[in-house]
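One structure is given below, encoded as structure tokens.
Indexing begins at 1, ligand by ligand and atom by atom, following the structure's order. Keep in mind that the numbers below use all heavy atoms, side chains included, and drop hydrogens, waters and symmetry copies.
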Amino acid sequence: MTTSPISGSRATAARRVLDALPSGLLIGGRWRAATGGATLAVHDPATGEELAQVADAQPEDAVAALDAAAAAQPGWAATPPRERGEILRRAFELLVEHTEDLALLMTLEMGKSLSESKAEVAYGAEFFRWFSEQAVRIEGRYARAPATSERLLTMKQPVGPCLLVTPWNFPLAMATRKIGPAVAAGCTMVLKPAQLTPLTSLRLAQLLSEAGLPDGVLNVVTSRSAGKTVGPLMSDPRLRKLSFTGSTEVGQALVEQSAKNLLRLSMELGGNAPFLVFADADLDAAVEGAVIAKMRNNGESCVAANRFHVAAEVAEEFTRRLAERLGSLEVGHGASEGTQVGPLINEEQRRKVEELVADATSKGAKALVGGSRVDGPGYFYQPTVLAGVGPDARILREEVFGPVAPVTSFETEDEAVAAANDTEFGLVAYVYTGDLKRGLRVVEALETGMVGLNRGLVSNAAAPFGGVKHSGFGREGGVEGIEEYLETKYVAVDL
Ligand code: NAP
């Protein structure tokens, strides 16, 4: 494994990408310093080295960003949908064109391998293509009232200025998944990216300007004190919507805070995805799907398979094969050749992973592969498979957000479904079975917003992404995604 700093041509490319970044906050189309000149350092989680300093927005800067968004709102709402769609289409093309640089930037600040980062650019860019196509399909209705001569007219209008708050695990896609539909619907925005990964958002905003997005439509505030910085916006009557992706804990606090202003909300929160393997499943496909569902994004994904429930007849075989696959993955600096698994985002996250593994093993689980941190710089943790995980292990209840696969077994279908639903979360579940009837029966019984049926990857810009229970509400992507940014106005017409 190569956890040392990158060198040679890749290091030169990294310097070039970092040096080309805009500095400051994007407010009303201008890049400017934070009030008082405060800055915040961004680090490479593979080495701990400082990559860049970005502006540390103060509450008055966030208010200035909302001023700009509110001022741009009427003109933007009046812009023809085709024009909004074409800006998104150009932005899609620019993201694709700049894949290499964007991927390198993301790998540097977030840690995932370059191939994962490239996959995220492709996925993230798709939201711009998809919503460029949706912008011209915002429709209303015209109907006769059932018993009178009245006519019932409904029209869709943009919600208004939105606050978009994004997490560090998908620095590009979590932003494009919100910006795409907001632009298509005609909403202006203030984007607050995660403080650990603000760089990708700055580059993204630059590319959107290049694509023709008018000044003030997208404003970006980077900050080290999220709550303090966006607090004044949450109670500002000009703000009409919050779209948040992040932890359930912060999401719940923001829902409470939003009540005063009765904001429209989209909440994409934490997960605890079960991965069910029935005895009639194609085991090769199940292992393949398990590797993707577990290891995508170093396991730091809200849709990561958090726990594996496997039919007792095939549990040993499945666990052995999964351990073989995870044990063979190349761990290293995300930008080094051949790396498949990068570091975790920080020491706090690595400690949490260690704690959950220690808890499971103290209750009888056995690490078939991995099970410990990797010494040296950076926050590396070995890909790990835990066999024989007991029902009281914390890892079955808490989001591990790391490369650890705990496996437990079941005897009956009812037992499997009950175990899958035994969580306050409800984002996604994965089901592997060769029996279509069983598959659909189980899918219907699962309390989640999404299911991967014989598939370890569900994310798709053309599909509605989102959860139920403590995983939040609202949908991103699909035909549903744009609705989150539209209000319905009804007009009673007297003929
Ligand atoms: P987080 O701590 O909740 O942070 C998410 C965002 O909220 C960051 O930008 C953060 O800023 C900001 N924030 C924190 N406290 C805030 C406050 N009081 N007011 C306003 N904003 C605040 O989550 P995270 O650790 O970055 O992300 C991991 C979590 O996101 C996991 O639980 C994962 O499951 C979830 N997630 C969900 C989805 C989904 O679609 N359902 C997708 C990806 C991730 P700072 O960076 O400054 O703290």
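Nearest protein neighbour of atom 20 (C) of ligand 1, counting heavy atoms only, is V230 CG2, 3.5 Å. Closest to atom 16 (C) of ligand 1, if we only count protein heavy atoms, is V250 CG1, 3.5 Å.
Under the 3.5 Å distance criterion, with hydrogens and angles disregarded, a donor-acceptor pair is assigned to the side chains of Q53 and T39. Between the side chains of K112 and N297, at least one donor N or O lies within less than 3.5 Å of an accepting N or O. A donor-acceptor contact under 3.5 angstrom links the side chains of R307 and N272, judged on distance only. In summary, the side chains of K241 and S266 do present a donor paired with an acceptor at a separation below 3.5 Å, with no hydrogens or angles considered. Remark: the E109 side chain and the T197 side chain contain no N/O donor-acceptor pair separated by less than 3.5 Å. Checking D44 against H333 by side-chain atom types alone, a donor-acceptor pair falls below 3.5 Å. No side-chain donor-acceptor contact under 3.5 Å links S113 and Q340.
Close approach to C302 involves these atoms of ligand 1, each under 4.0 Å from a residue heavy atom: 33 (C), 34 (O), 36 (N), 37 (C), 38 (C), 39 (C), 40 (O), 41 (N), 42 (C), 43 (C), 44 (C). Within ligand 1, the atoms closer than 4.0 Å to a non-hydrogen atom of V165 are 6 (C), 7 (O), 9 (O), 12 (C), 21 (N), numbered from 1 in the order shown. Near T245, the atoms of ligand 1 lying under 4.0 angstrom from a non-hydrogen atom of the residue are 5 (C), 36 (N), 37 (C), 38 (C), 39 (C), 40 (O), 42 (C), 43 (C), 44 (C). Against a heavy-atom cut-off of under 4.0 Å, N169 is close to the following atoms of ligand 1: 43 (C), 44 (C). Taking every non-hydrogen atom of T166 and a distance limit under 4.0 Å, the qualifying atoms of ligand 1 come out as 6 (C), 8 (C), 9 (O). Listed by number with element, the atoms of ligand 1 under 4.0 angstrom from any heavy atom of P193 are 9 (O). Atoms of ligand 1 lying under 4.0 Å from at least one heavy atom of P167, given by number and element, are 26 (O), 27 (O), 43 (C), 44 (C). Residue K192 has at least one heavy-atom neighbour below 4.0 Å for each of these atoms of ligand 1: 8 (C), 9 (O), 10 (C), 11 (O), 45 (P), 46 (O), 47 (O).
Ligand 1 has an N or O atom lying under 3.5 Å from an N or O atom of S247, backbone or side chain. Taking distance alone, with nitrogen or oxygen atoms compared against 3.5 Å, R177 approaches ligand 1 more closely than that limit. For ligand 1, the polar-atom distance check against L269 finds a nitrogen or oxygen pair separated by under 3.5 Å.
Applying the salt bridge (Lys or Arg N to Asp or Glu O under 4.0 Å) test between E483 and each of K156, R475, R137 identifies K156 as the sole match.
The shortest heavy-atom distance from Q257 to ligand 1 is not under 4.0 Å. Note on ligand 1: G472 sits outside its first shell, no heavy atom being nearer than 4.0 Å. At least one heavy atom of W168 sits closer than 4.0 Å to an atom of ligand 1.
Relative orientation of the F127 and F131 rings is parallel, given thresholds of 30° and 60° on the angle between their planes.
By the definition of a contact as any protein heavy atom under 4.0 Å away, atom 11 (O) of ligand 1 is in contact.
Nearest-heavy-atom check against atom 46 (O) of ligand 1 across Q195, M450, M174 picks out Q195.
Under a cut-off of 6.0 angstrom, the local environment of CD in E256 is sparse, with at most 12 non-hydrogen atoms contributed by other residues, nucleotides or ligands.
A centroid separation of less than 6.0 Å is found between the aromatic rings of Y430 and F275.
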